[in-house]
Protein chains: 2
Amino acid sequence: MSIQQQKRPRFLRHTRQREAILRVLRMTHEHPTADWIYQEVRKEIPHISLGTVYRNLKILTEMGEAQEMSYGSSYSRYDGDPRLHYHFVCDDCGRIEDLEMPLVEGLEAKAAEWTDGRIESHRLEFHGLCRECNGR
Amino acid sequence: MSIQQQKRPRFLRHTRQREAILRVLRMTHEHPTADWIYQEVRKEIPHISLGTVYRNLKILTEMGEAQEMSYGSSYSRYDGDPRLHYHFVCDDCGRIEDLEMPLVEGLEAKAAEWTDGRIESHRLEFHGLCRECNGR
DNA sequence: ATACGTGCAAACGCTTTGCACTCTC
DNA sequence: GAGAGTGCAAAGCGTTTGCACGTAT
């Protein structure tokens with residue numbers, strides 16, 4: 001269940017591909033999928049491969065140049081408590097804790113002022129290191 | 001990109017399998033994966049299949065008896081804005097909007113009182129229907 | 001009797017990876 | 001020229017699905 005760090009090169013190089021991917025990422029607010037980015041970059045670099053897109057997205061995410069909107073692990077996890085509550089996720093071991101803290105008052109109402117969608121619920125999740133992973 | 005509703009039966013039946021899955025789900029706070037639940041239920045119903053577990057988890061989630069901790073869509077989406085900010089996710093069409101709202105003050109400090117992990121960041125996401133999907 | 005649920009295995013589809021080659025530094 | 005990055009294709013792997021059979025109502 002542990003989320004392993006993989007080996008990273010000692011330094012990063014500038015390549016057309018990486019630059020183009022970052023440019024596409026910066027240029028859109030659509031929260032694109034890897035494949036959408038691939039199609040877009042292909043207009044400029046027709047022979048780029050999807051694998052390269054994935055590799056660079058991962059690197060850019062690790063460098064803090066982008067965010068990947070998904071969970072660290074590849075599979076879904078289920079919570080048998082259907083009530084709205086918050087979670088703490090350990091970014092190292094993947095462990096998820098329920099937080100017993102009270103819900104933040106008026107959060108959805110506040111957010112409603114910033115979108116014209118209809119808000120029906122929310123999800124709040126804290127990330128960091130659990131006690132065990134922090135200790136080592 | 002649209003998240004389709006699939007056909008549901010007109011009524012649900014009680015089965016040993018469904019009951020066992022729900023019981024396992026209720027019994028743990030570990031936010032298990034489908035496979036973990038499968039292994040657990042297998043102790044009681046050795047011939048249950050993983051497909052059945054997935055099917056029931058989906059149904060239980062739709063019935064509001066459990067939560068699935070992942071995004072509605074199966075692929076990752078990327079955000080070229082690396083700053084911490086909140087999102088609005090349309091549960092119908094999958095569209096994701098950036099919210100320009102200010103960060104909630106003191107949120108991580110508050111949460112830190114309820115866990116012994118070290119909090120380093122958080123993620124807040126509002127769900128509902130975007131304007132277009134709400135209108136139809 | 002009806003039609004929902006299950007087991008099994010194959011199919012799916014997004015993502016990752018091995019390998020030989022290319023390109024930065 | 002060392003080693004990081006790329007393209008291609010195959011492999012990985014969690015999840016879904018088709019089908020024939022079982023079973024709750």
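Quick note: numbers below take in every heavy atom, side chains included, and nothing from hydrogens, waters or symmetry partners. Every chain is numbered from 1, with letters handed out A, B, ... down the list of sequences.
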TODO: Round to a whole Å and report the spacing from CG of L50(A) to P of dT6(D).
DONE: 13 Å
TODO: Sorted by first residue and then second, give each salt bridge (Lys or Arg N to Asp or Glu O under 4.0 Å) pair with at least one member in residues 9-23 of chain B; sequence neighbours left out.
DONE: R23(B)-E44(B)
Open item on the list: Taking the minimum atom-to-atom distance to the side chain of P9(B), which one of dC4(C), dT16(C), dA4(D) wins?
Closed with: dC4(C)
- [ ] Using a 4.0 Å cut-off on protein heavy atoms (strictly under), produce a 5'-to-3' string for nucleotides 18-25 of chain D with B for base contact, S for backbone-only sugar-phosphate contact, and - for none.
- [x] B----BBS
Open item on the list: Through direct or indirect side-chain contacts below 4.5 angstrom among Ile, Leu, Val, Met, Phe, Trp and Tyr, which residues connect to F11(B)?
Closed with: none
Task: Sorted by number, the residues of residues 40-48 of chain B with heavy-atom contact under 4.0 Å to DNA chain C - done: H47(B), I48(B)
- [ ] Please answer whether the main-chain N or O of T52(B) pairs with a side-chain N or O of N56(B) as donor and acceptor at a distance below 3.5 Å.
- [x] yes
Open item on the list: Any base atoms under 4.0 Å from D35(B), or only sugar-phosphate, or nothing? Heavy atoms, all strands.
Closed with: nothing
- [ ] For T61(B), check side-chain hydrogen bond (donor to acceptor under 3.5 Å, both in side chains) against everything at least two apart and list the hits.
- [x] none
- [ ] Would you mind telling me which residue lines up with the more 5' stretch of DNA chain D, T52(A) or G51(B), judged by nearest nucleotide?
- [x] T52(A)
Task: Residue pairs involving residues 99-110 of chain B (criterion salt bridge (Lys or Arg N to Asp or Glu O under 4.0 Å); sequence neighbours excluded) - done: none
- [ ] Round to the nearest Å and state the distance from L60(A) atom CG to dG5(D) atom C1'.
- [x] 13 Å
Task: Where at least one partner belongs to residues 15-52 of chain B, residue pairs that pass ring-ring contact (aromatic ring centres under 6.0 Å, His included), sequence neighbours excluded - done: H87(A)-H31(B)
Open item on the list: So, using salt bridge (Lys or Arg N to Asp or Glu O under 4.0 Å) as the criterion, who are the partners of D116(B) when residues are at least two apart?
Closed with: R131(A)
TODO: Flag the pair Y86(A) / H122(A) as yes when their ring centroid distance falls below 6.0 Å, and as no otherwise.
DONE: yes
Open item on the list: Can you list everything that forms a side-chain hydrogen bond (donor to acceptor under 3.5 Å, both in side chains) with T115(A)? Sequence neighbours excluded, please.
Closed with: E97(B)
- [ ] Quickly work out the M63(A) CE to dA4(D) C1' distance and round it to whole Å.
- [x] 14 Å
Open item on the list: Which residues in residues 20-30 of chain B have a heavy atom closer than 4.0 Å to any atom of DNA chain D?
Closed with: none
TODO: Can you sort out the partners of E30(B) under side-chain hydrogen bond (donor to acceptor under 3.5 Å, both in side chains), two or more places apart, ordered by chain and number?
DONE: none
Task: Atom pair distance, as rounded to whole Å: CD1 in I59(B) and C1' in dA3(C) - done: 14 Å
Open item on the list: So, using salt bridge (Lys or Arg N to Asp or Glu O under 4.0 Å) as the criterion, who are the partners of R55(A) when residues are at least two apart?
Closed with: none
